[in-house]
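What you are looking at is a predicted structure, and each value in this text was computed from that prediction instead of being measured. Chain naming here is simple, since letters A, B, ... match the order of the sequence lines and numbering starts at 1 in each.
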Amino acid sequence: MPLDTSTYALAHLRLDGRRWSELRRIHGQISTQAAADGSAYFEQGNTKILCTVTGPQEPKRGVEVEMNVAAFSGMDRKKRARGDKRVQEMQYTIASAFQSTIFTHLYPHSTITLNLHVLSQDGSLLACALNAATLALIDAGMPMSDYVSACTVASAPSSDQTLDEQDPLLDLNGLEEQELPFLTVGTSGEEGKVLVLLMETRVQVARLEAMVSVGLDGCRQIRGILDGVVREHGRKVLESRVS
Amino acid sequence: MVNGTAKPPGLAFSRETFAKLTPAPFLHAHLQQPEPIRPNGRSLDAFSTPTIHTGSLSHSNGSAVVRLGDTAVVCGVRAEILLASDIPHPPGDDISEDDLVERLGLLVPNVELSTGCSPDHLPGSPPSTVAQALSYRILSLLHTSNLIKPGDLRIQYTEPATEDDLPDEGPKIVMKAFWALYIDVLCIALDGNPFDAAWAAVISALKSTRLPRAWWDPDREMIMCSPLAAETHGLRLDDIPVASTFAVFGTGSALKQRSEAESWVLADPDGFEEDVCNETVTAVVRSDGGGVGSVTRLEKSGGGAIGKAAMGRCSHMAQQRWREWQGVLHGG
């Protein structure tokens, strides 16, 4: 167990040198592909996702999400079968999150398609996909109620310390996700309305509230980063127009 | 002021409408000008400048992202161990080195186009004929060019001398396993000429591939790999072949005289030009020892508009392209 070593209790530093509330290196870029209506590239540590948006198009299906996980993205080379249930569930979760955020009433009878390409996986896959999709939709000019930002939170490693002293961990990488119980939370807006909350592992109920509140704070930080990326791009576009 | 002096109002279409309605005459109108220029602004012989980034993927042994015009392609190389004991019919000693890689299937390229890269390639569908053909062309080019040396992919074990060995026999070297390279090419955006972009991505990713140091542990009876980055080795790639694709736009038809037909060769076609042209030529060039490259492969399909002279011009342009690529591959 990567965190159950004595070093965590001593210095409270995770394997990659982060503290419990620190996010990984996050980098985002929008308008990466000229051909698509909207495109974005988002990295959270070593998890790298590319998202493109096309639409609105003719048949009415609301928001459709297609996720392609590249064979070279994970630790083992694995060619995903087309009907992979885990990928389908993630697609559905992302689609329903954006169904409620995008003003689809402005586009009746049409489909908005999101294509996510996972180039490298190292934890927080669903969260990174939601963030990349938000940036791509903003690049496409889709009217939405607010940014959708997401992150993962794990319950603190079990030890002899009392419940109050254990801090939940923010933004997990691949190793931490395999070892600790964690949840993914996605919020919309500055005040943090929860859109997505996914938890597939068991955790003590008493720790849940702390995890969710740390998650909401993490989402607020990520929202700030997404906003920064969009504003920076907007500034560049304006500068190139003026000059 | 009676007849015909007032001209009927002409239909004024925007460029995009004209291109959508009648793509072939649109292209023809561009090429017929005294200074022919293509709709994307390039001249007939101009290739798009490639941008290559290697080594950005952390889980792959080698990776490259290539942008050629508006076509963007990501390639990842993963190396997996193939134990010699798992090979059902091991090749005998008489097999030549060049055939070993092909016989054992140590290179497995796969081009994935069904990613939503263009409206013709929607995700979720099985590989189209275009994708299958691209994978096969890359595989056959890798084999015929002998780009990868089998020595780089071997994991050998030198058996220690025992009492039974004769004193003048050298140490016995046993082939214990091989590295199999899975080369996955993912097309992110497609705007014509997938072959050139995919091949560029494959060679850049192979150039950046690092294989860990592996050895056979006789006590545990398995292959062990060293996790240290300093002990990795790259692949020896001399003579990297460079591919250049051309599309031929012709105005010939069954209704016209053969001599009336005109044709133009367009280097590095984009999506619009590929849809309008039937004929394509691909020339692969690699070095021949001097500074001038030599053509190692010539593929042509589609129509019959171009003859020997035009093919000669294509190979000449491909050689020039090869010279430009030497700078990109060895400098960048």
Part of B:Leu190 within contact of chain A (heavy atom distance under 4.5 Å): neither
Which residues share a side chain to side chain donor-acceptor pair (under 3.5 Å) with B:Asp184, sequence neighbours left out: A:Arg77
Contacts with chain B made by residues 37-59 of chain A (heavy-atom distance under 4.5 Å), listed by residue number: A:Asn46, A:Lys48, A:Leu50
A:Thr152 side chain to A:Ser124 side chain, donor-acceptor N/O pair below 3.5 angstrom: yes
Option that, when pairs with chain A are counted at under 4.5 Å, heavy atom only, ranks first among B:Val74, B:Val77, B:Leu186: B:Val74
B:Ser114, part contacting chain A, at a heavy-atom distance under 4.5 Å: backbone
Backbone N/O of B:Ser43 and side chain of B:Arg38: donor-acceptor pair under 3.5 Å: yes
Heavy-atom check, side chain of B:Cys225 versus side chain of B:Ile81, under 4.5 Å: yes
Engaged part of B:Ala189 at the chain A interface, taking heavy atoms whose separation is under 4.5 Å: both
Beyond-backbone contact of A:Glu177 with A:Leu125, side-chain heavy atoms, under 4.5 angstrom: no
From B:Ile155 atom CD1 to B:Ile223 atom CD1, the distance as rounded to the nearest 0.5 Å: 4.5 Å
For the student: nearest non-hydrogen atoms of B:Thr115 and B:Cys187, plus distance: OG1-O, 2.6 Å
Electrostatic pair A:Arg235:A:Glu232 at N-O distance under 4.0 angstrom: yes
Note, A:Gln88 side chain near A:Lys85 side chain (heavy atom, < 4.5 Å): yes
Sorted by number, residues from residues 93-108 of chain A in contact with chain B (heavy atoms, under 4.5 Å): none
Atom pair CG/CG of B:Leu82 and B:Leu181 - distance to nearest 0.5 Å: 11.5 Å
Neighbourhood of chain B inside residues 64-73 of chain A, taking heavy atoms under 4.5 Å as contact: A:Glu66, A:Asn68, A:Ala70, A:Ala71, A:Phe72, A:Ser73
Short side-chain to backbone donor-acceptor contact, A:Gln221 and A:Leu23, under 3.5 Å: no
Rounded distance [0.5 Å steps], SG in B:Cys75 versus CG in B:Asn110: 10.5 Å
N-O pairing of A:Arg24 and A:Asp16 below 4.0 Å: no
B:Tyr182 and B:Glu80, any side-chain heavy atoms less than 4.5 Å apart: yes
Gap between atom CD of A:Glu200 and atom CG of A:Leu198 - 0.5 Å precision: 4.5 Å
Side chain / backbone / both / neither for B:Ser63 at chain A, heavy atoms under 4.5 Å: neither
